Amino acid sequence: MTQYNYGYEDAALLNKADLYKTFNNYRINKFIIAMLLKLNKTNLPKYKVLEAGCGSGDKSRFLTELRVKPENCYGIDINESAIGICNELSNSAMSFVVGSVLDLPYEHNVFDIVICSGLMCCFKNDDDIRRVSEELYRVSQNGGVLIVIDINENFLQAYGQNPLVMAKGFRSFNTKTQELEKLLADNFDLCHQQPIFAADAYSVNQNQSAGVLHLPQIDFAIDNGDLGCAYSLWAFVAKDK
């Protein structure tokens with residue numbers, strides 16, 4: 001399979017990248033559900049949720065579809081524009097603030113579920129990631145769940161020819177050496193690690209983008225381990241306090 005230049009997600013007009021973005025979200029969401037079920041975190045109307053590095057807040061809005069109350073959803077991002085988008089798209093009862101994950105503006109032991117998507121890759125310094133881990137642990141309930149969606153060791157192979165992506169200088173995490181798990185080990189125990197999607201799978205037959213009929217095959221191939229995904233999902237549980 002050839003590489004798909006996943007560089008049109010910010011285009012104003014509807015395009016094929018929207019199909020792949022929706023497909024990626026489907027894969028992320030199904031594994032979020034699977035992990036919450038596995039960890040018996042099912043009483044969602046009672047839980048408080050933090051989306052750290054929330055971007056547009058799509059994970060928080062997804063959880064409200066699973067019965068999390070909007071007033072129990074919190075998000076933080078250092079980008080003021082992102083928080084503006086969150087407030088524009090989300091239920092007004094949800095709380096989104098501008099701030100740093102290195103110094104979270106929340107009390108101790110507040111959140112039952114914390115989700116980070118594309119957050120850890122922004123920190124090249126190990127000590128910064130450990131600091132983020134400490135803050136997420138501090139605000140988590142005893143036994144709280146931390147779900148991380150981020151890039152792995154296949155990222156360079158998938159996106160190395162895309163200068164727009166590479167210019168962002170993202171860090172990847174080697175799942176084979178448990179790189180991320182070791183950085184979070186003082187505060188969180190790993191429950192599960194799962195490859196979730198690979199943008200390089202979306203081009204087939206000499207650079208012609210995969211259509212909707214190909215997506216079930218891609219879905220099966222990823223779950224079967226036949227495609228080297230550039231993104232993984234990690235599920236952690238906060239250690240006893």
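Note that this is a predicted model, so its numbers are computed, not measured. Count residues from 1 along the sequence.
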query: Using 30° and 60° as the class limits, which term best fits the ring planes of Phe188 and Tyr137: parallel, tilted or perpendicular?
result: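 It falls in the perpendicular class, over 60°.
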task: Evaluate the criterion side chain to side chain contact (heavy atoms under 4.5 Å, CB included) for residue pair Trp234 and Asp150; output intermediate values, then yes/no.
output: CA-CA 8 Å; Trp234 292 258; Asp150 229 308; 3.9 Å; yes
message: Under 4.5 Å between side-chain heavy atoms, counting indirect links through other Ile/Leu/Val/Met/Phe/Trp/Tyr residues: same cluster for Phe62 and Met35 or not?
response: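 The answer is yes; both residues are in one hydrophobic cluster.
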Hydrophobic cluster identity match, Ile147 and Phe173, side-chain contacts under 4.5 Å: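 As far as the 4.5 Å side-chain criterion goes, Phe173 and Ile147 are not connected within one cluster.
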Note, [X] side chain near [Y] side chain (heavy atom, < 4.5 Å):
| X | Y | result |
| --- | --- | --- |
| Leu19 | Leu215 | yes |
| Leu136 | Leu184 | no |
| Phe155 | Cys121 | no |
| Asn91 | Thr64 | no |

- prompt: Does Lys21 pair with Asp58 as a salt bridge, N-O distance under 4.0 Å?
  reply: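 No.
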message: So that I can tick it off, tell me whether Lys239 and Asp186 are bridged by a salt bridge, with the cut-off set at under 4.0 angstrom between side-chain N and carboxylate O.
response: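 Salt bridge flag = no for Lys239 with Asp186.
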Is [X] reaching over with its side chain to a backbone N or O of [Y], donor-acceptor style, under 3.5 angstrom?
| X | Y | value |
| --- | --- | --- |
| Asn174 | Glu153 | no |
| Asn224 | Phe220 | no |
| Asn152 | Pro195 | no |
| Glu181 | Leu190 | no |

Looking at every non-hydrogen atom in both residues, tell me the closest pair between [X] and [Y] and how far apart they are.
| X | Y | answer |
| --- | --- | --- |
| Lys241 | Arg138 | NZ-O, 3.5 Å |
| Val237 | Gly143 | CG1-O, 3.7 Å |
| Val98 | Ile76 | C-CG1, 4.4 Å |
| Ile83 | Cys54 | CD1-SG, 3.7 Å |
| Gly55 | Asp77 | N-OD2, 2.9 Å |
| Ala52 | Val101 | CB-CG1, 4.0 Å |

- prompt: Can you list the residues that meet the ring-ring contact (aromatic ring centres under 6.0 Å, His included) rule with Phe111, with sequence neighbours excluded?
  reply: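 Here the qualifying residues are Tyr74, Tyr106.
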- prompt: Residues two or more places apart in sequence or in another chain: which of them pass side-chain contact (heavy atoms from CB on, under 4.5 Å) with Lys41?
  reply: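 By the side-chain contact (heavy atoms from CB on, under 4.5 Å) rule, Lys41 matches Leu36, Leu39, Tyr47, Val145.
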message: Filter on side chain to side chain donor-acceptor pair (under 3.5 Å), then keep only pairs touching residues 117-130, sequence neighbours left out; what's left?
response: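 Listed once each, the pairs are Asp126-Arg171, Asp127-Arg130.
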Heavy atoms from other residues, nucleotides or ligands near NZ of Lys46 exceed 12 (cutoff 6.0 Å):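 Open.
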message: Within the supplied structure, the quantity of interest is the number of heavy atoms (other residues, nucleotides, ligands) at a distance under 6.0 Å from Leu102 CG; does it exceed 12?
response: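 Yes.
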field: Lys NZ or Arg CZ of Lys38 over Phe31 ring: under 6.0 Å, within 45°
entry: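 Pair Lys38/Phe31 does not count as cation-pi.
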message: Hydrogens and angles aside, do Tyr26 and Asp219 bring a side-chain donor and acceptor to less than 3.5 Å of each other?
response: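 Yes, Asp219 and Tyr26 have a side-chain donor paired with an acceptor closer than 3.5 Å.
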